[in-house]
Amino acid sequence: MSNAELTKSRIIKSASSSLGSSLQKTRHQLGFDLDTVNRNTNIPIPSIELGLSHKLTHAIKLALFYNREIRIELVEPGSQNSDPD
């Protein structure tokens with residue numbers, strides 16, 4: 001993707017997708033199902049990890065529930081950086 005193709009909506013979509021994937025991975029690692037997370041956080045299931053919520057408060061609430069910090073980084077467009085766990 002060239003810099004000309006970068007738009008605010010693409011950046012938001014990419015960030016939401018990346019955060020959603022990270023939340024899903026963490027939920028699986030901790031062995032929680034969606035109903036358990038929903039019951040304990042009162043966050044609607046579609047918003048839990050699908051990147052459908054643009055509310056940062058949801059991500060913060062999930063990070064607290066999972067006992068995790070949120071790390072944000074800037075990357076080159078189109079790069080496939082993976083999180084080194």
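It should be emphasised that the depicted structure is a prediction, and the values quoted were computed from it without experimental measurement.
Taken from OG in Ser14 to CG in Leu6, the straight-line distance is 9.5 Å, to the nearest 0.5 Å. With rounding to the nearest 0.5 angstrom, the OG1 atom of Thr7 is 10.0 Å from the NZ atom of Lys13. Atoms CG and CG, from Leu56 and Leu19 in turn, are 8.5 Å apart once rounded to the nearest 0.5 Å.
Here the closest heavy-atom approach between residue Glu5 and residue Arg10 is recorded as O-CD, 3.2 Å.
Listed by first and then second residue, the salt bridge (charged side-chain N to carboxylate O under 4.0 Å, His left out) pairs that reach into residues 27-37 are Arg27-Glu49, sequence neighbours excluded.
Within the 3.5 Å criterion, the main-chain N or O of Ile12 finds a donor-acceptor partner in the side chain of Ser16. Of the possible donor and acceptor atoms, one in the side chain of Thr26 sits under 3.5 Å from a partner among the backbone N and O of Ser22. Using modelled atom types, no side-chain atom of Asn38 and backbone atom of Leu34 make a donor-acceptor pair closer than 3.5 Å.
Partners of Thr57 according to the side-chain hydrogen bond (donor to acceptor under 3.5 Å, both in side chains) rule, which considers only residues two or more places apart in sequence or in another chain, do not exist here.
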Less than 3.5 Å apart, which donor and acceptor atoms pair up between the side chains of residues 59-67 and the rest of the protein, not counting sequence neighbours?
unit_1 : atom_1 : unit_2 : atom_2 : d
Lys61  : NZ     : Thr41  : O      : 2.9

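In this structure, the side chains of His58 and Pro44 come closer than 4.5 Å at one or more pairs of heavy atoms.
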